[in-house]
Amino acid sequence: MKNQEAQDLYQPFFEEALLQEIAQFGLKKSVKEGFALMEIGQKVTHMPLMLSGAIKILQEDKEGNDLLLYFIERGDTCAMTLNCCLGNTKSDIRAIAEIDSELLMIPIHLMDEWMVKYPSWRKFVFESYHIRFKEMLQAIDNIAFSNMDERLTKYLLDLASVRGSDTIKITHQEIAVDLHTSRVVVSRLLKKLENKKAIALNRNSIEIIKL
DNA sequence: TCATTAACACGGG
DNA sequence: CCCGTGTTAATGA
């Protein structure tokens with residue numbers, strides 16, 4: 001059987017016939033850490049189903065600075081893609097592989113067909129949309145109303161979860177870019193967390209002790 | 001008050 | 001030496 005991972009992952013949710021179609025039409029795609037899966041303005045031709053790994057979703061402001069919105073992981077799909085199926089087909093976001101990842105690419109024209117044919121697919125799409133929408137609101141809330149130290153804490157926890165390790169290999173500068181702030185601030189806040197024994201700092205890596 | 005920018009010193013690879 | 005880190009001073013919101 002092709003696409004065994006997809007079968008295992010989605011078998012509880014989808015009808016047999018749908019699983020068959022997924023196996024038949026889905027293109028398995030493996031990407032390395034840092035690979036740009038989607039750029040702003042790029043046309044959306046496939047809908048990704050995450051099999052493993054993690055993807056970082058970024059928005060860009062008018063000066064061209066990145067801003068981290070959220071991560072998508074195993075079992076997730078991309079809300080932006082869903083959005084694109086309802087109207088225009090251009091992506092508004094940038095998607096970068098946070099770690100090595102595997103995806104199953106479904107040609108977008110199948111979406112409509114499956115929506116009609118398979119109740120489980122319809123349910124999956126609406127639920128995904130719902131989850132992404134909530135996550136988006138959270139992201140907005142976080143950016144608009146949280147202090148930088150709260151955002152930093154959440155960021156570290158997200159990264160640890162996404163990478164499956166309490167020790168994160170990253171520089172202060174990279175954090176600053178993701179959170180859209182300056183390295184001075186990141187260094188200062190990290191130092192504060194270290195003093196509170198919440199984390200341990202090393203060159204090129206941060207260990208989470210208790211956040 | 002707090003973030004940003006620029007600048008500097010320190011130290012490890 | 002280069003890069004990441006920790007800090008400070010000046011400036012602005």
Side-chain angles (χ1 to χ4, degrees), chain A residues 29-42 48 50-74 76 78-80 83 90-103 131-211:
Chain A
K29 186 167 184 172
S30 300
V31 297
K32 289 273 176 213
E33 175 183 336
F35 182 83
L37 280 152
M38 181 61 60
E39 281 294 336
I40 294 163
Q42 196 174 320
M50 293 284 300
L51 299 179
S52 66
I55 309 293
K56 181 156 79 167
I57 305 299
L58 305 153
Q59 170 75 275
E60 198 173 68
D61 69 12
K62 47 187 178 298
E63 277 91 40
N65 300 308
D66 282 346
L67 178 61
L68 176 67
L69 289 182
Y70 52 74
F71 295 97
I72 57 177
E73 293 180 87
R74 174 184 165 85
D76 291 339
C78 175
M80 206 58 232
N83 212 7
K90 295 283 177 61
S91 172
D92 292 329
I93 50 89
R94 177 195 306 266
I96 310 282
E98 175 64 25
I99 56 179
D100 293 356
S101 301
E102 290 177 315
L103 307 99
I131 291 167
R132 288 301 120 203
F133 193 84
K134 276 194 353 199
E135 195 143 37
M136 185 73 80
L137 284 180
Q138 260 180 31
I140 291 169
D141 183 74
N142 190 31
I143 292 158
F145 303 119
S146 292
N147 301 324
M148 190 51 76
D149 55 351
E150 290 174 77
R151 289 179 58 199
L152 178 63
T153 303
K154 183 178 184 317
Y155 175 82
L156 292 175
L157 289 173
D158 279 354
L159 267 191
S161 142
V162 149
R163 299 195 184 182
S165 163
D166 283 346
T167 303
I168 304 160
K169 188 184 160 303
I170 197 166
T171 67
H172 298 182
Q173 184 60 59
E174 289 175 281
I175 299 174
V177 169
D178 275 348
L179 295 182
H180 206 188
T181 182
S182 66
R183 186 193 60 79
V184 180
V185 172
V186 172
S187 290
R188 201 186 68 234
L189 292 176
L190 285 173
K191 202 75 211 158
K192 241 167 67 184
L193 288 174
E194 188 187 36
N195 291 336
K196 287 197 299 186
K197 301 275 183 278
I199 60 174
L201 295 177
N202 292 297
R203 188 186 177 83
N204 278 322
S205 77
I206 296 167
E207 187 191 344
I208 294 180
I209 298 166
K210 192 175 194 308
L211 277 178

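Chain identifiers are assigned alphabetically (A, B, ...) following the order of the sequence lines, protein sequences preceding nucleic acid strands; residue numbering begins at 1 within each chain. Everything numeric here is computed off the predicted structure, so don't read it as measured data.
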I'd like a table of donor-acceptor pairs (distance under 3.5 Å, sequence neighbours excluded) in which one partner is a side-chain atom from residues 195-202 of chain A, with atom names and distances.
from   : atom 1 : to     : atom 2 : distance (Å)
A:N195 : ND2    : A:K191 : O      : 3.3

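In this structure, A:L193 atom CG and C:dG6 atom C1' are separated by 15 Å, rounded to whole Å. In this structure, A:I206 atom CD1 and C:dG4 atom C1' are separated by 12 Å, rounded to whole Å. Atom-to-atom, NE2 of A:H172 to P of C:dC3 comes out at 17 Å; the value is rounded to the nearest Å. Atom pair A:N202:CG and C:dG6:C1' shows a separation of 14 Å (rounding to whole Å applied). The distance between atom CD of A:E194 and atom P of C:dG4, rounded to the nearest whole Å, is 19 Å. Residue A:I199 contributes atom CD1, which lies 11 Å from atom P of C:dT5 at whole-angstrom precision.
For A:T153 (side chain) and A:D149 (main-chain N/O), a donor-acceptor pair under 3.5 Å exists by modelled atom type.
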Do any N or O atoms of the protein come closer than 3.5 Å to N or O atoms of nucleotides 2-5 of chain B, and which pairs are they?
from  : atom 1 : to     : atom 2 : distance (Å)
B:dA3 : OP2    : A:R188 : NH2    : 2.7
B:dT4 : OP1    : A:T181 : OG1    : 3.4
B:dT4 : OP2    : A:T181 : OG1    : 2.4
B:dT4 : OP2    : A:S182 : N      : 3.3
B:dT4 : OP2    : A:S182 : OG     : 3.2

Please tabulate, one pair per line, each protein N/O and nucleotide N/O from nucleotides 11-13 of chain B that are separated by under 3.5 Å, including the distance.
from   : atom 1 : to     : atom 2 : distance (Å)
B:dG11 : N2     : A:R203 : NH1    : 3.1
B:dG11 : N2     : A:R203 : NH2    : 3.4

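With contacts defined as side-chain heavy-atom distances shorter than 4.5 Å, the pair A:Q59/A:L68 does not qualify. A 4.5 Å side-chain heavy-atom check between A:I40 and A:L58 finds every atom pair outside the cut-off. In this structure, the side chains of A:V185 and A:L189 come closer than 4.5 Å at one or more pairs of heavy atoms. Under the 4.5 Å side-chain criterion, counting only non-hydrogen atoms from C-beta, A:L159 is not in contact with A:I175.
Residues A:R163 and A:K169 share a closest heavy-atom pair of NH1-O, 3.1 Å.
A:S187 pairs in a side chain to side chain donor-acceptor pair (under 3.5 Å) with only one of the listed residues (A:H172, A:K192, A:Q173), which is A:H172.
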